[in-house]
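Read through the structure below, which is laid out as structure tokens, and then see the notes.
Each chain gets a letter, A, B and so on, in the order the sequences are listed, and its residues count up from 1.
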2 protein chains.
Amino acid sequence: MREEPLHRYIADELRRQILDEHLVPGYQLPSEHELAQAFGASRGTVRQALNQLRGEGAIAARRGARWVVLAAPLVQSFSELLSFSAWARAEGHEPGGTEVELSRRRATQHDAETLNIAAGESIYRLLRVRTLSETPVMIERTTFIEPIGRLLVDLDLDSESIYEQLGDHGIVFARARHTIDAIPATAEDARLLDIPRRTPLLRQRRASTSQTGQPLEWSDDRYRGDVVAFVIDNTAMSGNLERLLAAEEDAESGESKLS
Amino acid sequence: MREEPLHRYIADELRRQILDEHLVPGYQLPSEHELAQAFGASRGTVRQALNQLRGEGAIAARRGARWVVLAAPLVQSFSELLSFSAWARAEGHEPGGTEVELSRRRATQHDAETLNIAAGESIYRLLRVRTLSETPVMIERTTFIEPIGRLLVDLDLDSESIYEQLGDHGIVFARARHTIDAIPATAEDARLLDIPRRTPLLRQRRASTSQTGQPLEWSDDRYRGDVVAFVIDNTAMSGNLERLLAAEEDAESGESKLS
DNA sequence: CAGTGGTCTAGACCACGTG
DNA sequence: ACGTGGTCTAGACCACTGA
């Protein structure tokens with residue numbers, strides 16, 4: 001019945017067995033040849049599935065030896081990554097949001113550079129406080145390019161995921177680059193999250209683009225550091241985490257510099 | 001002359017062109033057929049290279065249309081990720097370290113669970129303060145399993161990367177899971193980093209395993225939040241970032257809970 | 001509708017590990 | 001020595017994009 005690529009079916013099946021702990025860390029998988037026969041696929045197709053799981057950090061291979069189970073893979077949903085709502089529901093919480101402000105403005109120099117437009121062009125800025133089970137845990141300050149911002153006006157910004165709703169309009173987010181650091185809560189942050197000033201916040205700055213490389217939005221999200229953490233898997237062959245010196249890009253807030 | 005897989009040569013070549021900005025975001029790559037001819041490879045080999053670059057967030061594809069350049073990929077060296085020294089040098093800084101303490105202890109309950117050993121077994125704990133150009137920027141509290149810890153005693157822990165030195169002994173780190181959050185500096189943190197108490201720190205807790213899934217170490221690294229940030233790329237097809245609620249695992253430090 | 005990427009096959013040779 | 005994963009080829013069909 002299913003209209004699904006065979007390599008994905010194989011990957012899903014193996015992932016399910018790992019998550020169900022039928023395959024525990026250290027376990028050796030059957031050889032690619034055996035898997036190919038078992039699934040009625042060619043070896044190339046089996047390898048496509050295995051490489052997918054390797055990218056998720058679930059398994060590893062060494063030449064000459066069989067594939068080995070490393071650990072349960074992360075959930076790995078791209079939508080859960082952009083969307084607070086989708087993530088919260090997957091965690092079993094009731095997501096909420098309070099639209100504090102949606103305004104049309106002219107792009108600052110920073111907006112222009114990040115969104116690849118000219119300074120002074122129209123952009124939309126959205127400020128929301130997101131809640132989990134009534135408790136505010138995150139402040140979201142997002143800047144959208146004009147065509148997307150115009151759509152936002154007609155959307156329900158209070159509770160629904162805007163990314164799901166934008167998807168219905170054919171707006172697809174394909175890629176995002178995240179910069180994560182720790183900063184003290186400003187006076188406004190403290191007021192919105194109902195916490196003391198200078199409480200450590202986990203800040204995630206994000207720039208998202210479409211499938212064709214067109215910048216769609218950038219966002220400055222600040223989480224209560226005592227409630228939310230980020231988890232990243234990476235392996236020797238794949239993974240995309242990098243440390244970075246907090247650069248001079250932030251001339252706005254007086255940052256302390258090295259030497 | 002070169003003893004290198006063809007698909008890696010192709011990936012390196014295309015990545016170099018993107019980094020050199022010969023290929024700018026939005027640019028359409030030649031078709032897979034054309035690339036195959038240009039590099040004297042089969043289409044399958046070219047696709048292997050393109051999929052590598054897709055995993056790095058550098059390019060994206062849509063059925064029916066050509067591959068599109070998205071952005072410059074991250075450096076993506078696994079060793080730079082584990083190793084403060086390797087990272088610092090790549091950033092053009094002089095890494096330094098002060099070994100504050102290396103001790104042999106009995107595994108706590110948490111050690112035992114993380115390293116998959118029995119509580120009470122021998123482990124080694126290393127505390128280091130790492131510096132960039134003489135300025136302390138990070139505190140590293142690492143716990144190693146006994147066989148690795150024993151090697152540490154003979155290593156130069158003051159300035160060299162222990163991971164590079166362990167590699168010479170055949171100890172290979174293959175996979176790591178990172179949990180990143182923000183916490184206030186404790187009194188000891190503040191003293192070691194020479195900063196005020198409760199300054200926001202970027203905490204990275206890491207668990208590393210070998211190629212066969214054997215846990216090798218876990219670490220609690222705390223960075224000055226105003227100096228170091230983490231950067232992550234992720235795409236709809238690949239990427240491994242996940243938000244997580246700070247769970248009850250940390251019963252040690254009194255964390256505030258949600259409802 | 002011509003060209004593109006996505007999927008899949010059947011085979012081949014090699015370098016490496018484990019017994 | 002044998003089996004394993006890593007690499008590579010040549011060809012096929014399909015779904016989709018874009019002119």
Compute whether any side-chain donor of one residue and acceptor of the other, for [X] and [Y], lie under 3.5 angstrom apart.
X: R125(B); Y: T143(B); answer: yes
X: E217(B); Y: T142(B); answer: no
X: R177(B); Y: T209(B); answer: no
X: R104(B); Y: S122(B); answer: yes

Between dT4(C) atom C1' and R47(B) atom CZ, what is the distance in whole Å? 11 Å

Write down the atom of G40(A), the atom of L6(A), and the distance for their closest heavy-atom approach.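 That closest heavy-atom pairing would be O-CD2, 4.3 Å.
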
Heavy atoms of L19(A) and A72(A) approach each other most closely as CD2-CB, 3.8 Å

Stretch residues 23-45 of chain B: residues that reach within less than 4.0 Å of DNA chain C through a heavy atom: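 Contacts with DNA chain C under 4.0 Å: S31(B), E32(B), R43(B).
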
Could you go step by step and tell me if W218(B) and H110(B) meet the ring-ring contact (aromatic ring centres under 6.0 Å, His included) rule? CA-CA 10 Å; W218(B) 73 268; H110(B) 181 265; 4.7 Å; yes

Determine to 10° how strongly the helix from dC1(C)-dG18(D) to dT18(C)-dA1(D) is bent, judged from the axes of its five-pair ends. 10°

Of N51(B), L70(B), L50(B), which is the lone residue that meets side chain to side chain contact (heavy atoms under 4.5 Å, CB included) with I59(B)?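 Testing each of N51(B), L70(B), L50(B) against I59(B), the sole residue satisfying side chain to side chain contact (heavy atoms under 4.5 Å, CB included) is L50(B).
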
Hey, does L50(A) reach any base, or is it just sugar-phosphate, or nothing, if we go heavy atoms under 4.0 Å? nothing

Just by distance, do the side chain of Q17(B) and the backbone of L14(B) share a donor-acceptor pair under 3.5 Å? no

Between R62(A) and H7(A), who's closer to the 5' end of DNA chain C by nearest nucleotide? H7(A)

Return whichever of N51(B) or G64(A) has its heavy-atom-nearest nucleotide of DNA chain C closer to the 5' end.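 That would be N51(B).
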
From CD (E13(B)) to CG (L35(B)), nearest 0.5 Å: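 So the CD of E13(B) and the CG of L35(B) are separated by 11.0 Å.
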
Where does the chain A footprint on DNA chain D start and end, counting 5' to 3' with a 4.0 Å heavy-atom cut-off? dG3(D) to dT7(D)

